[in-house]
Amino acid sequence: MRTSRHFTLAENTGAPSLPDRLRFSIAFIGRLTLAVAILSVLALSLLYFGRDYRYFTFLSNAFIHGTFSVNDLPADYFDKVIWGNTTYLSLAPMPGILMAPLVSVFGTAFDDVALAYPFTLANILLAFLLLKRLGIARELRRPLLVLFFGGTIYLSVLANGRSWLLAHIIAITFLLLAINEVLSQQRIPLIGLWLGLAFLARSMTILSLPFFVWLLIPRTSGWLRRTAWVSLELLVGLAIPAAFFLYYNYARFGNPFETGYGVAQTGNADLVAALKLGLFSVAHIPKNLYAFLLATPLPYPSFSAPVLQFPYIYPSPWGLSIFLTTPAFIYAFAANRRERLVRAAWLAIGLILVPLMFYYGNGWVQFGFRYALDFYPFLFILTA
């Protein structure tokens with residue numbers, strides 16, 4: 001057994017082989033999911049991808065020149081904020097910060113998609129370490145890695161890699177760093193720092209904070225004092241990212257809590273109409289729930305066409321059901337809810353998912369409900 005400070009994880013030591021039928025089923029589901037994902041991404045690439053957007057390249061170039069404005073952003077770029085006579089991005093700043101050394105060398109010709117590949121390699125390594133720390137049988141680690149990186153919407157994000165998708169990949173890196181830390185050495189300020197950096201890439205990830213608090217507090221007497229100390233140490237780690245976030249907003253809009261999302265020019269009439277109902281509103285719940293749980297592929301070129309043409313169906317650009325993009329996630333519901341880690345993971349998923357359901361946009365254009373990537377590391381734990 002491997003024992004952390006406050007909870008125990010089983011260490012696999014020569015675990016018995018899975019029954020042949022179960023092993024065959026898992027392998028078959030994994031290969032089928034991977035094949036469907038690859039074919040769908042190829043179809044999606046032909047139909048949707050190809051526009052060269054380098055938002056974070058221009059943001060990084062602005063940082064290098066000591067400003068937050070992106071007045072040199074091409075005119076046909078959307079997802080921008082015109083504030084007075086100045087142009088800003090509403091996107092979170094972390095990817096732009098990370099690529100500053102590269103942009104300082106290559107300038108705005110640098111394609112920010114290139115950053116997705118080294119971070120994906122890091123994510124594969126971190127996910128492998130996570131599986132080891134979870135005590136997952138050796139024979140299951142490889143298919144689980146293939147599942148996460150080749151059988152989920154992560155594959156489509158990597159294939160496209162455009163700025164708003166790159167942010168997901170980087171946020172997952174920092175989330176995996178934080179999760180690995182809480183399951184190993186538990187250096188609490190470092191956990192706070194990793195979570196804060198994930199927040200600077202994808203803001204909703206901060207809602208996973210209770211996951212880490214839950215796993216760091218004891219179930220014995222003195223838990224209240226321990227909770228207070230854990231929270232304080234986490235805040236120490238979060239302090240620098242949080243301070244930068246507040247300053248970044250204040251320097252642009254004169255308000256530390258104004259991110260620009262509510263006043264951004266989206267370039268899509270449907271999103272403009274949705275935003276008029278509120279950045280967050282109950283009116284958006286049905287559409288987001290549909291995209292997340294029920295959306296299916298569409299006929300190509302359309303159902304009203306005389307005949308369907310190759311590839312005959314294509315992913316809805318508004319999203320696809322999570323159980324169509326990754327059927328294997330059904331295994332998450334079999335995780336033992338009596339374990340603290342499982343309960344903490346479900347809590348993180350729920351806390352992140354709720355505001356996503358109220359949000360006016362759902363990630364257009366995308367393969368699957370891409371905002372779900374904000375909690376995929378926790379769903380990966382449950383599925384594993």
Side-chain angles (χ1 to χ4, degrees), residues 24-53 78 113 116 120 143 146-166 168-169 266-271 273-274 284-333 353 356-357 359-376 379-380 383:
F24 174 80
S25 299
I26 293 174
F28 176 77
I29 291 173
R31 289 166 183 165
L32 179 62
T33 302
L34 179 59
V36 170
I38 291 174
L39 290 174
S40 298
V41 168
L42 289 175
L44 191 62
S45 300
L46 294 172
L47 294 169
Y48 289 121
F49 298 166
R51 181 64 175 91
D52 183 18
Y53 292 113
F78 51 93
V113 173
T120 291
V146 172
L147 171 69
F148 186 80
F149 294 101
T152 71
I153 58 176
Y154 190 103
L155 177 63
S156 67
V157 168
L158 177 62
N160 181 221
R162 298 268 75 89
S163 296
W164 48 92
L165 305 176
L166 172 64
H168 287 291
I169 291 176
T266 62
N268 182 280
D270 293 327
L271 291 177
H284 304 312
I285 293 177
K287 191 171 188 177
N288 286 323
L289 276 177
Y290 175 81
F292 179 54
L293 295 175
L294 301 175
T296 59
L298 302 174
Y300 182 76
S302 72
F303 189 73
S304 60
V307 295
L308 296 185
Q309 301 172 16
F310 182 82
Y312 307 114
I313 62 171
Y314 70 103
S316 168
W318 288 109
L320 284 174
S321 166
I322 189 173
F323 297 114
L324 286 179
T325 54
T326 309
F329 278 154
I330 196 71
Y331 283 108
F333 295 100
L353 186 59
L356 291 178
M357 293 296 102
Y359 190 56
Y360 85 101
N362 68 345
W364 167 280
V365 169
Q366 58 184 345
F367 172 77
F369 188 75
R370 69 173 176 89
Y371 290 160
L373 284 165
D374 292 343
F375 58 75
Y376 262 30
L379 190 56
F380 181 57
T383 304

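When reading the values below, keep in mind they use all heavy atoms of this one structure, side chains included, and skip hydrogens, waters and symmetry mates. All values reported here derive from a predicted model rather than from experimental measurement. In this chain, numbering begins with 1 at the start of the sequence shown.
The shortest distance between side-chain heavy atoms of Thr326 and Leu147 falls below 4.5 Å. Contact check for Asn288 versus Phe369: side-chain heavy atoms found under the 4.5 Å cut-off. Side chains of Ile322 and Leu379 form a contact here, defined as non-hydrogen atoms less than 4.5 Å apart. In this structure, the side chains of Phe329 and Thr152 come closer than 4.5 Å at one or more pairs of heavy atoms. In this structure the side chain of Thr296 reaches within 4.5 angstrom of the side chain of Leu324, judged on heavy atoms. Two residues are said to be in side-chain contact when any heavy atoms from C-beta on lie closer than 4.5 Å; Phe367 and Val157 fail this criterion. In this structure, the side chains of Trp164 and Arg370 come closer than 4.5 Å at one or more pairs of heavy atoms. Contact annotation: the side chain of Thr266 approaches that of Tyr360 to within less than 4.5 Å [non-hydrogen atoms, C-beta and beyond].
Between Tyr314 and Tyr300, the ring planes lie perpendicular to each other; the angle is over 60°, past the 30° to 60° tilted range. The aromatic rings of Tyr53 and Phe78 stand perpendicular to each other, their planes meeting at an angle above 60°, with 30° marking the opposite boundary.
The structure places CG of Leu373 at 8.5 Å from OH of Tyr154, a figure rounded to the nearest 0.5 Å. For the atom pair Phe303 CZ and Leu308 CG, the distance stands at 8.0 Å (nearest 0.5 Å). Here CD of Gln366 is found 10.0 Å from OG1 of Thr325. Values are rounded to the nearest 0.5 Å. The structure places CG of Leu289 at 11.0 Å from CG of Leu356, a figure rounded to the nearest 0.5 Å.
Of all non-hydrogen atoms in Pro301 and Val307, the two that sit nearest each other are CD-O, 4.0 Å. Between Ile313 and Pro297, the closest heavy-atom pair is CD1-CB, 4.0 Å. Considering all non-hydrogen atoms of both residues, Thr383 and Ala332 come closest at OG1-CB, 3.8 Å. The two residues Pro315 and Leu320 make their nearest non-hydrogen contact at CB-CD1, 3.7 Å. Nearest heavy atom pair, residue Gly319 against residue Ala295, reads O-CB, 3.3 Å. Taking every heavy atom of both residues into account, Pro317 and Leu298 meet most closely at CD-CD1, 4.2 Å.
Taking the six-membered ring where the residue is Trp, the centroids of Tyr371 and Phe292 are separated by 6.0 Å or more. Between Tyr290 and Trp318, the ring center distance fails the sub-6.0 Å criterion.
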Any chance you could lay out the side chain to side chain contact (heavy atoms under 4.5 Å, CB included) test for Ile153 and Tyr376, step after step, and finish with the verdict? CA-CA 10 Å; Ile153 58 176; Tyr376 262 30; 3.6 Å; yes
